[in-house]
Peer 1: 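The structure under discussion is supplied below as structure tokens; questions concerning it will follow.
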Amino acid sequence: MWARLKEDVEVVFEQDPAARTILEVVLTYSGLHAIWAYRLAHIFFKKEMYFIARVISQLSRFFTGIEIHPGAQIGRRFFIDHGMGVVIGETCEIGDNVTLFQGVTLGGTGKEKGKRHPTLEDNVLVASGAKVLGSIVIGENSKIGAGSVVLKNVPENSTVVGIPGRVVIQNGVKVKKDLNHQNLPDPVEDRCNLLEKQIHDLQREIAALKR
């Protein structure tokens, strides 16, 4: 347990260039406090002492602004930078060396039962304000851009941006877009062409009736 707590502190120094001293990190880093509170709450959760686990998690939320359900499964070297507004759901599974920034939500869509929250594999980074929703998998070494909304599985070694999120880089190669902006459909032109065809058809019928 103590080795895990020490490792959590070491990760802060590796990830945050603003970290200066161990005392500063231990006393002032809300992300670290939230992770430690989660680790304690998770112990009680596994022992089916659900009320105590939830009390700890809610106290942590009150003091840190970060909500981590005690039932979530979080690996080693987990880092939350800044952290305000981060939400991690009950059935989330987070691998090793994962980084989350402020405003990230790892939540459900409100439709699933059972496993209803995301799985983040090793070395995933989720940037500020991103929402990863549903029982989906974010593959190893992938990055989720700031403000993205991800609703589908993401392959490993990918970069995802946008609403809804789409893969723009995979295995270091830029993914080509299927949409050609020079050949966008024009619904007005299509409707005019249809009306013109109908007029020609009516003219032919009138000419046939006159004959």
Side-chain angles (χ1 to χ4, degrees), residues 1-5 7-9 11-12 15 26 28-140 142-144 146-154 160 164-165:
M1 184 67 178
W2 289 109
R4 181 64 59 86
L5 299 180
E7 188 176 59
D8 290 335
V9 174
V11 172
V12 174
Q15 298 280 0
V26 170
T28 67
Y29 273 62
S30 60
L32 182 65
H33 300 159
I35 292 169
W36 283 353
Y38 154 78
R39 299 207 188 282
L40 178 61
H42 187 63
I43 292 173
F44 287 104
F45 189 89
K46 289 193 296 184
K47 294 181 178 180
E48 299 184 358
M49 301 173 71
Y50 301 125
F51 178 74
I52 296 176
R54 288 293 284 173
V55 168
I56 294 171
S57 68
Q58 290 304 300
L59 286 173
S60 173
R61 176 189 179 190
F62 177 80
F63 286 107
T64 67
I66 300 167
E67 182 173 352
I68 306 176
H69 194 284
Q73 299 180 43
I74 300 177
R76 299 173 53 193
R77 304 178 61 78
F78 180 52
F79 178 58
I80 300 176
D81 199 359
H82 299 293
M84 179 62 69
V86 167
V87 177
I88 300 175
E90 178 184 9
T91 60
C92 278
E93 297 177 25
I94 298 176
D96 297 334
N97 299 303
V98 171
T99 298
L100 307 182
F101 285 83
Q102 68 272 18
V104 167
T105 298
L106 306 180
T109 63
K111 299 177 182 179
E112 305 97 338
K113 294 182 179 179
K115 180 71 169 76
R116 59 192 183 278
H117 298 105
T119 295
L120 276 58
E121 296 184 344
D122 297 345
N123 307 310
V124 167
L125 182 147
V126 186
S128 305
K131 314 301 177 187
V132 184
L133 306 176
S135 181
I136 61 177
V137 177
I138 309 300
E140 288 186 19
S142 292
K143 298 178 181 179
I144 309 300
S148 301
V149 177
V150 185
L151 304 173
K152 296 181 179 180
N153 293 337
V154 174
V160 174

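For clarity, every value in this text was computed on a predicted model and none was experimentally measured.
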Peer 1: So do the side chains of N97 and D122 get within less than 4.5 Å of each other, counting heavy atoms only?
Peer 2: no
Peer 1: More than 12 heavy atoms of other residues, nucleotides or ligands under 6.0 Å from NZ of K143: is that the case?
Peer 2: no
Peer 1: Taking the side chain as every heavy atom from C-beta outward, state whether I68 and I74 have any pair of such atoms under 4.5 Å apart.
Peer 2: yes
Peer 1: Any heavy-atom pair between the side chains of I35 and F79 that's under 4.5 Å?
Peer 2: no
Peer 1: Calculate, to the nearest 0.5 Å, the distance between atoms CZ and CD1 belonging to F45 and I56 respectively.
Peer 2: 12.5 Å
Peer 1: Is the shortest heavy-atom distance from the side chain of E93 to the side chain of H117 under 4.5 Å?
Peer 2: no
Peer 1: What closest approach, in Å, do Y38 and Q73 show between heavy atoms, and which atom pair accounts for it?
Peer 2: OH-CA, 3.7 Å
Peer 1: Determine whether E67 and Q58 make a side-chain contact, defined as any pair of heavy atoms from C-beta on separated by less than 4.5 Å.
Peer 2: yes
Peer 1: Keeping K131 on the side-chain end and L151 on the backbone end, is there a donor-acceptor pair under 3.5 Å?
Peer 2: no
Peer 1: Can you confirm whether Y50 is buried at OH, in the sense that more than 12 heavy atoms of other residues, nucleotides or ligands lie under 6.0 Å from that atom?
Peer 2: yes
Peer 1: Grab the two heavy atoms, one from S148 and one from I144, that are nearest each other, plus how far apart they are.
Peer 2: CB-CG2, 4.0 Å
Peer 1: Looking at OG of S128 and CG of L100, how far apart are the two atoms once the value is rounded to the nearest 0.5 Å?
Peer 2: 10.5 Å
Peer 1: Which heavy-atom pair separates M84 from Q102 by the least distance, and what is that distance?
Peer 2: O-CB, 3.6 Å
Peer 1: Counting heavy atoms not belonging to R61, are there more than 12 under 6.0 Å from its CZ?
Peer 2: no
Peer 1: For a 4.5 angstrom cut-off between non-hydrogen side-chain atoms, does I136 reach V154?
Peer 2: no
Peer 1: What is the minimum heavy-atom distance between V137 and E121, and which atoms define it?
Peer 2: CG1-OE2, 3.6 Å
Peer 1: At their closest point, which heavy atom of A146 faces which heavy atom of A127, and how far apart are they?
Peer 2: N-CB, 3.5 Å
Peer 1: Do any N or O atoms from the side chain of S30 and from the backbone of H82 form a donor-acceptor pair under 3.5 angstrom?
Peer 2: yes
Peer 1: For a quick test of reading the model, state the closest non-hydrogen atom pair linking V9 to V26 and the distance between them.
Peer 2: CG2-CG2, 4.4 Å
Peer 1: Taking the side chain as everything from C-beta on, heavy atoms only, tell me whether I94 gets closer than 4.5 Å to L106.
Peer 2: yes
Peer 1: Does the side chain of S60 reach to within under 4.5 Å of the side chain of H33, using non-hydrogen atoms?
Peer 2: no
